[in-house]
Participant: 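This structure is in structure tokens; I'll ask about it shortly.
Protein chains get the first letters and strands the later ones, always in sequence-line order, with residue 1 at the start of each.
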Amino acid sequence: MATIDLDNMLAKIKASQWALADIDWEAPGAEMISEAQWPKLKAFMSDLMWIEHVGARGFAAMAKKAPTDTLREIYTYFHAEEQRHANAEMALMRRWGMLEGEELPEPNINLRLTIEWLDRYSDDMPLEVLGSVIPMLEIALDGALLKFLLDEVNDPLCHQVFEKINADEARHLGVDFHVMEMLGRGRLHQLAVKTIGTVVSPKLIMGVLAYAPLLNRMRDNIVEMGLKEERLYEAMDKYQRIGGRTKEGRRNPWFQIISQHGRMVVDRSHIYHKPVDALVKLSNYIPRRALGPVPSWVKELTWRPTA
Amino acid sequence: MTIPTMKSGARKATPRQAPATNKPHDVLIVGAGFAGLGAALRLQQEGVGDLVILERADDVGGTWRDNSYPGAACDIPSNLYSFSFAPNPDWSRSFAGSREILDYVHHLADHYNLRQLVRFGRDVSHLRYDDKTGLWTAVTQTGETFQARSVVMAQGPLSNASFPDIPGLDEFKGHKIHSARWDHDYDFNRKRVAVIGTGASGVQIVPELVKKVDKLTVFQRTPGWVMPRPDFATPQWNKLLFRRVPKAQESVRRALYLAHESMALGIIWNSPLTGLLERVSEAHLNHQVKDAWMRRQLKPDFRIGCKRVLMSSDYYPALQRDNCRLITWPIARLCENGIRTAEGIEHQFDCIVFATGFDVSNNGTPFKVTGSKGRDLDTDWKRGAQAYKSINVAGYPNLFITFGPNSGPGHNSALVYMESQIEYLVKAVKMMTSEGIKSLDVRKDVQRRHNHDIQKRLAKTNWNSGCKSWYLTEDGFNATMFPGFASQYARQMEGFDPGDYRVVRVAGRPQ
């Protein structure tokens, strides 16, 4: 099993901290964003920045569930690092003239629903669920989107920023997959019983209703931005490859469920897409008011390097 | 302030100047805080007159002299946080502030003429035992030496404070203040101030500082359980009553003692009361903090009692003031202008206050202690400090430690424990002087058995339930707390059995 030493990883994380103030946000290169790119990039960055925040909230919940002090501290850092990525991405948006004043990018409705669900229920979810879903979100959405960004945007500062973000994400994925394997240990029937107990929970069903349309919405957005959806599928495939490389990983029922779901997502002819695409359309009609105010942790986002 | 009574039957203290000669003293005490002065007072009352107290500072008071930060107060009611043999009927509040507690210590020193026993500005760097003479020699930082038959190490477990080990600590160009070394000359007006640490000192500093500064940012690593603190001014009639009817104050003290004792059931051990105390603390949080995310940030994830329970009714409201902000992101480093946290933002400040507590020596000694046959206490304690009944250590004859290993209270007044320790050492020293004992060294097997029992009992307590705290060493060894009620501790310290010790009498004295 590809185990990692979590104590060493924590030391590495602490030694690899960076800040927005390390970056010269006024450096030349902002003008390299073309007028044609600008509106698409703005929508893209908004989604990306909110996906970072979904990851952040997920890690915050995982920190509460972590079985050891070291893992708890690692997740606390990951929570902060995802916030740092969102902050840095907002700073890039600001650099490219996409944010006015204290304006916060608007999340799409499916992201908003996912945030709402995470805020209400993620602290009640077992580590097994979050520890298996968050890697999928990170690898699929984050991974695919970042690749696209680096292919399309020539601003050298953007590359500099994402080099830092990618280095953080590599550590996140290392720990993610290590934990997924860890969660696959134990007696199979116990894992199965625990999984069934969680699957039938109404909170999780609501989570699925937020998560499934989010993936399809992101796929549609990616296509709209001119990125091949195969890029997303390749990233999802990576989740199955890495997560399933060991016996322990494959024994994790949540890995199996999420992988199976991934296979349905990448098969455009699968019947799965009918109801889920309908949900995406339906979600367009949800009035923002119905969701109430955004949680107060959202207000901690900032593009300003200093406070 | 009036401290009217002396312990009944006790001899009136005889003021005696400690001899300036090199003649060995009966007892040498390190530290002129509560424990050092209390020990000196009781030794004097029991007729042991030849004492000297070595104090590194220029005043008495110990932790209450050093902790003068705004809001500093005791989280145990004053009527219980005072010596039973020197009651004070004039406490102005139910929970006195540090200034008033220091006044009490001063009054103790003055009323019982203890100051003249103190050699101020003497910072002990080495204590050395001589097997041949059975005497201890204390060497100070300046090389001065003092000799005595017995030594009381009363420097206290919470006496050394230093800045925490945070990367970039020296890079910060603004002002740095440690809560235990407050800078009273610094003007906080219109300043941007950070407070690092939300333990016992932090929750007291924040409500005071937020009133003075332009912007206060509180950096929290782990939230603690906070209980409301019923702090109120003592009415005049109450003071009068206590002055005229000392029994009334004794009864109040007794009631407070029993109330705190009952808390042990929830704080020390995991019982239905533990859950109840957690619910009370949660209700306090939910009542005072309306924002769901902030409540989540402030809710502890460990069992109540595992760390020190905090007492404050104004900490949560202070955090929610417009000029205050709570940050729970991990601190990445300090930099020239402030603090960089892991979410990538540099928080800039004029001043950083470190409310990060004390350097507790769980497995070490504050200065070099060389015992019988050249053994070194720091080395002996490397794998976790151990003592007999918290006060004596095998191989270190005639040495008494106040708040030694496994004497810490988690639920009751430290002074209650301290009194038991003082009474124990007084009995031992009296026996030594009256029977001409050269050395009194606790037997190794007795000490081993005692610690085996203590550790077995500790395993069942909340302190050892998995959280990280200053009670435990890095390896999780608990050398700090006593696993039981204060009454059990008092019972442990009540009996002084010479059979537990190897006793060597002065040559020529009858056995």
Participant: More than 12 non-hydrogen atoms from neighbouring residues, nucleotides or ligands closer than 6.0 Å to NZ on B:K290, yes or no?
Facilitator: yes
Participant: Side chain, backbone, both or neither: which part of B:I331 has a heavy atom under 4.5 Å from chain A?
Facilitator: backbone
Participant: Using a cut-off of under 4.5 Å for heavy-atom pairs, which of A:R57, A:E81, A:R72 has the most such pairs with chain B?
Facilitator: A:R57
Participant: At a 4.5 Å cut-off on heavy atoms, which part of A:R120 comes close to chain B: side chain, backbone, both, or neither?
Facilitator: neither
Participant: Got more than 12 heavy atoms from elsewhere within 6.0 Å of NZ, B:K173?
Facilitator: yes
Participant: After noting the C-alpha distance and the side-chain angles of A:E300 and B:W329, does the key distance pass the side chain to side chain contact (heavy atoms under 4.5 Å, CB included) rule?
Facilitator: CA-CA 11 Å; A:E300 292 195 37; B:W329 306 117; 3.1 Å; yes
Participant: Does some side-chain heavy atom of A:P295 sit less than 4.5 Å from a side-chain heavy atom of B:W293?
Facilitator: no
Participant: Just so I know, are the side chains of A:Q17 and B:T341 near enough to count as touching, which here means a heavy-atom distance under 4.5 Å?
Facilitator: no
Participant: For residues A:W297 and B:Q297, is any side-chain donor paired with an opposing acceptor at under 3.5 Å?
Facilitator: no
Participant: With the side chain counted from C-beta on, respond yes when B:H347 and A:T306 share a heavy-atom pair under 4.5 Å apart, and no when they do not.
Facilitator: no
Participant: Could you pull out the closest heavy-atom pair between A:A19 and B:R340, with the gap in Å?
Facilitator: CB-CD, 3.8 Å
Participant: Mark yes when over 12 heavy atoms from residues, nucleotides or ligands other than B:D322 sit less than 6.0 Å from its CG; otherwise mark no.
Facilitator: no
Participant: Take atom CG in B:D165; do more than 12 heavy atoms of anything else shown fall under 6.0 Å from it?
Facilitator: no
Participant: With only heavy atoms counted, which part of A:A60 is less than 4.5 Å from chain B, the side chain, the backbone, both or neither?
Facilitator: both
Participant: Kindly say whether B:I345 contributes a backbone atom to a donor-acceptor pair with the side chain of A:N87 at under 3.5 angstrom?
Facilitator: no
Participant: Considering only heavy atoms, which portion of B:R296 lies under 4.5 Å from any heavy atom of chain A: side chain, backbone, both, or neither?
Facilitator: both
Participant: Measure the shortest side-chain to side-chain distance between B:E346 and A:R304 over non-hydrogen atoms and say whether it is less than 4.5 angstrom.
Facilitator: no
Participant: Below 4.5 Å, heavy-atom pairs only: which of B:G338, B:P330, B:C335 has the largest tally toward chain A?
Facilitator: B:P330
Participant: Is the shortest side-chain N to carboxylate O distance from B:K299 to A:D123 below 4.0 Å?
Facilitator: no
Participant: So what's closer than 4.5 Å to chain B heavy atoms on A:K14: side chain, backbone, both or neither?
Facilitator: neither
Participant: Does any backbone or side-chain atom of B:R333 lie under 4.5 Å from a heavy atom of chain A? Answer side chain, backbone, both or neither.
Facilitator: neither
